[in-house]
Chemist: 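Take a look at the following structure, please.
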Amino acid sequence: MKLSKALCREITVGGWLLALMEDDVAHGFFFDFDKISDTASKNLFANKNRLSNVQYDGRKCWWSGEHEGYWLDGIVRHGFLLNNEKLIGQVDEWVNNILSSTDEDYIGIYKNHTINGRYKHSGENGELWTQSRALAVLLVYYEFTARTLVLEAVIKAVDVTMSKYENINPFESKAQQGGVSHAVGYFEILSWLERLTSKRKYIRYARKLWRYFNSTELRDDDLQIKHLLKINRPFKKHGAHIAEGLWVLPWLNMYSQNERWDRAEKAMLKKLDFHTTPSGAMCCDENVNGNQGTANSSYEFCTTVELVMALTEMMSASADVKIADRIETIVFNAILGARLSDGRGVSYLSIDERKHTDEHRNKGRELFDACHPAAACCALNEARAMPHYTNGVWMTTSGRDIYLMCFGPVSLKTQIEDTDLEIIQETNYPFGDEILLSVKLSKPVVFKLFIRRPFGVQIVKFNHDWIGTVQEIDDFFLIERVWNNGDVISLKFLFDIKLEANTLMLESGRIVKRGPLIFARPVPHTVDRIHTYGDSNHGRYMLTPDQPFQRFRLESESKMKINSIHSGYLPDWLSSSTHLQAYLTDEVGQSSEVTLVPMGLVPLRQIVF
């Protein structure tokens, strides 16, 4: 069953998520990034002055195009979701500059009429990849503003590219490097335009591009059908490339129903499971290298954000609640746990059980940084993560069906049969268990509301006196009725505490999970800024434990208690959170009651007990 994501302008945020995003804008590094580095603010899509096979400021020709797209994506989403006039004005100017500078309908970074210019690349290039980063920002902008001129410009630009690469394989290159294989990002634009316009030409071209992808000897080849069908061949290459393209096969197969592709898709998901850490991230230290995901595995922030986006597309194509479970696990554990809670820095490489940060290992990628000297890509994904999560919360079908696929303080404002409908979701989820859905309508209307059953929870309390019968269909709760203005649904999830065996570490033990959250013993530490970027007041941070790390052991699960309390570990954007009280034994056998907190709230932590 295919679902459609709500348009960006149909989504609003509130509660802790609104507070987090506002705090990031006020104090975080992302929105000052042009004061930290110039890599994202070169206006390449307006200037169109790049050549491939050339380095600029020590960076590959396409890197700053990628960075500009990432940065503007975070700005446009925060601007409109927060109704921030300054950010909206910034992206307005960027969009207008692109529209006014477009020649021959091209939206990209390369010079025209020259060797190694646009569409005439002999080696390493980021033609389709950088195009896709700018076009994605323009499409988000269109979804927020409904400016048809912007959508028309994207359509014209894609028409040009499809014609240029009609009989030329863009994946073929004398130098097989990351920019060429990053072209999988262009599938996002084709899928998006098919969704907005309902024109099949984008699916037809996507199939052609998929054939090109599968027929070429690529550097990043893990997602090629021939390799996916090798059951015993794990993922090996660059993690970000895998995450970016993970959803393409399920999307195309939805229209093809190809038995060989079915087998490849199932094999792909099994491989992803093998590489998945407890927090839901895909392990990769740049490359996956066939490694199994464990609590001690490294994973990249940009790969993790791209994985959430890919899984959201896969969820849209299938309405699979297990994918929604995976998305929530990643966002509320891996992503929140990879950043400083005040938005001052993000860790390029994270570990679920992070005991310290080491400035000498992995080129400093384990530190919390506002840029990272190795590459800026992870830092520039920081402000994309939570807005992209909101894209998958509400989905619809072509009829009257509305699906609440993920949870959090994210509301829907849309129309059903010319009737204005708003469903306001008030909740502290995942840091609380209760959800309140308030319905606002211009007149009574009939529709079906499907609410996902998260993480197989067995007990869910509804206010049946108000909403009538709640049907249970597969992994959804279904409410179908004549809805009236002012209707309210309240529900509460009674999640069990689960202990998950972890045997893939030198220190075996159990991981404590409840609903979407992994619980951790916080490791007290100090935060030191060891580098400052110019006069930006943003920098690089090292976290040092106050004492040598000790592994505590869980005494008894029966003694664990659930509390919702204020805590010194709560960030400014969160007023309260579910905590667990547990009796733990330290390495010398001394027992004490310890507060376990959500993993995503503490940067240094023990999660294996």
Side-chain angles (χ1 to χ4, degrees), residues 8 30 33-34 37-50 52 56 59-79 90-91 94-95 97-99 101-102 106-110 118-119 121 124-143 150-151 153-154 157-158 160-161 165 170 177-193 209 220 238 240-241 243-245 247-248 300-303 305-310 313 375-385 387-388 391:
C8 291
F30 185 91
F33 198 81
D34 52 342
S37 170
D38 66 350
T39 184
S41 52
K42 293 181 178 295
N43 294 315
L44 294 187
F45 296 100
N47 295 328
K48 302 175 181 61
N49 57 4
R50 287 278 161 117
S52 56
Y56 295 82
R59 307 180 185 109
K60 294 180 181 180
C61 62
W62 50 269
W63 274 18
S64 288
E66 170 193 275
H67 297 163
E68 184 176 329
Y70 283 162
W71 192 43
L72 268 295
D73 187 52
I75 291 172
V76 67
R77 292 175 186 274
H78 276 75
Q90 187 175 348
V91 78
W94 183 83
V95 170
N97 284 342
I98 289 179
L99 296 183
S101 63
T102 298
Y106 175 76
I107 297 177
I109 66 172
Y110 290 105
R118 66 183 70 164
Y119 305 116
H121 307 288
E124 165 68 350
N125 70 88
E127 182 69 85
L128 290 188
W129 173 236
T130 53
Q131 283 189 35
S132 73
R133 296 312 84 202
L135 297 175
V137 177
L138 292 171
L139 288 173
V140 172
Y141 182 85
Y142 164 73
E143 286 203 2
V150 175
L151 178 60
V154 172
V158 171
V160 169
T161 295
Y165 287 135
Q177 297 182 32
V180 175
S181 44
H182 265 312
V184 293
Y186 204 78
F187 286 101
E188 177 186 0
I189 307 306
L190 298 171
S191 169
W192 206 330
L193 286 179
L209 197 61
D220 302 282
H238 191 220
H241 284 78
E244 288 158 10
W247 64 277
V248 177
E300 286 186 51
F301 190 81
C302 57
T303 297
V305 175
E306 293 286 355
L307 182 59
V308 169
M309 295 165 60
E313 295 300 326
C377 51
C378 286
L380 287 167
N381 269 279
E382 191 273 340
R384 302 177 71 216
H388 274 281
N391 271 172

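As a basis for the values below, the full set of heavy atoms in this structure was taken, side chains included, without hydrogen atoms, waters or symmetry mates. This chain uses plain numbering: 1 for the first residue, then up along the sequence. Everything numeric here is computed off the predicted structure, so don't read it as measured data.
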Chemist: Which heavy atom of F45 sits nearest to which heavy atom of G69, and what is that distance?
Modeler: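 Nearest pair, atom of F45 first, then G69: CE1-N, 4.4 Å.
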
Chemist: Starting at CD1 of I107, measure out to CZ of R118 and round the result to the nearest 0.5 Å.
Modeler: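 So the CD1 of I107 and the CZ of R118 are separated by 11.0 Å.
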
Chemist: Taking the ring of Y110 and the ring of Y119, is the distance between their centroids below 6.0 Å?
Modeler: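 Centroid separation for Y119 and Y110: 6.0 Å or greater.
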
Chemist: So which heavy atom on W129 is nearest to which on H182, and how close?
Modeler: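 Scanning both residues, the minimum pair turns out to be CE3-O, 3.1 Å.
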
Chemist: Under a 4.0 Å N-O cut-off, is there an ion pair linking E143 with R77?
Modeler: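 No, this pair does not count.
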
Chemist: For R59 and S37, which heavy atoms make the closest approach, and how far apart are they?
Modeler: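 Looking at all heavy atoms of both residues, the shortest contact is NH2-OG, 3.7 Å.
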
Chemist: Would you give the length of the straight line joining atom OH of Y165 to atom OH of Y186, rounded to the nearest 0.5 angstrom?
Modeler: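 One gets 10.0 Å once the value is rounded to the nearest 0.5 Å.
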
Chemist: Between atom CG of D73 and atom CG of L138, what is the distance when rounded to the nearest 0.5 Å?
Modeler: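 It comes to 11.0 Å.
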
Chemist: Heavy atoms only: give me the nearest A310-A243 pair and the separation to one decimal.
Modeler: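 Minimum heavy-atom separation between A310 and A243: CB-O, 3.2 Å.
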
Chemist: Which heavy-atom pair separates A46 from I98 by the least distance, and what is that distance?
Modeler: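 Scanning both residues, the minimum pair turns out to be N-CG1, 4.4 Å.
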
Chemist: Roughly how far, to the nearest 0.5 Å, is the CD1 atom of I109 from the OG atom of S64?
Modeler: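 Answer for the OG-CD1 pair, S64 versus I109, is 8.0 Å.
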
Chemist: Given side-chain contact (heavy atoms from CB on, under 4.5 Å), test K60 with E66 step by step and report yes or no.
Modeler: CA-CA 10 Å; K60 294 180 181 180; E66 170 193 275; over 6 Å; no

Chemist: If we check side chain to side chain contact (heavy atoms under 4.5 Å, CB included) with E188, which of these qualifies: E313, M309, E244?
Modeler: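 The residue from E313, M309, E244 that satisfies side chain to side chain contact (heavy atoms under 4.5 Å, CB included) with E188 turns out to be M309.
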
Chemist: Assess whether a salt bridge exists between E127 and R50, defined as any Lys/Arg side-chain N lying under 4.0 Å from an Asp/Glu carboxylate O.
Modeler: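 No, no charged N to carboxylate O under 4.0 Å.
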
Chemist: Do V137 and W94 come within less than 4.5 Å of each other through their side chains, counting heavy atoms only?
Modeler: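 Yes - at least one pair of side-chain heavy atoms lies under 4.5 Å apart.
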
Chemist: If only atom types and distance count, is the side chain of H238 paired as donor or acceptor with the main-chain N or O of D220 below 3.5 Å?
Modeler: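 Checked: no pair found.
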
Chemist: For the CG atom of L380 and the OG1 atom of T39, what is their distance to the nearest 0.5 Å?
Modeler: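 The OG1 atom of T39 is 7.5 Å from CG of L380, to the nearest 0.5 Å.
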
Chemist: Closer than 3.5 angstrom, by distance alone: can the side chain of N47 be matched with the main-chain N or O of K42 as a donor-acceptor pair?
Modeler: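 Judged by distance alone, yes, a pair lies under 3.5 Å.
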
Chemist: Is the shortest side-chain heavy-atom distance between L193 and L151 below 4.5 Å?
Modeler: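 They are in side-chain contact.
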
Chemist: Tell me the closest heavy-atom pair linking N49 and Y56, and the distance in Å.
Modeler: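 Closest heavy-atom pair between N49 and Y56: O-OH, 4.0 Å.
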
Chemist: Donor-acceptor check, side chain of E68 to backbone of L44, threshold 3.5 angstrom: yes or no?
Modeler: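 Side chain of E68 to backbone of L44, a donor-acceptor pair under 3.5 Å: yes, one is there.
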
Chemist: Begin with the C-alpha distance, continue with both residues' side-chain angles, and end with the deciding distance and a verdict on side-chain hydrogen bond (donor to acceptor under 3.5 Å, both in side chains) for S52 and N125.
Modeler: CA-CA 5 Å; S52 56; N125 70 88; 5.6 Å; no

Chemist: Find out whether E306 and T303 are in side-chain contact, i.e. whether some heavy atom of one side chain is under 4.5 Å from a heavy atom of the other.
Modeler: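 Not touching, per the 4.5 Å side-chain cut-off.
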
Chemist: Answer yes if the side chains of W62 and E124 hold a donor-acceptor pair under 3.5 Å, and no otherwise.
Modeler: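 Their side chains do contain a donor-acceptor pair, which is all the 3.5 Å distance test asks for.
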
Chemist: Would you say that V91 contacts Y141 through its side chain, given a criterion of any heavy-atom pair below 4.5 Å between the two side chains?
Modeler: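 V91 reaches Y141 side chain to side chain.
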
Chemist: Working to the nearest 0.5 Å, report the span between CG of L128 and CZ of F187.
Modeler: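 Result: 9.5 Å between the selected atoms.
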
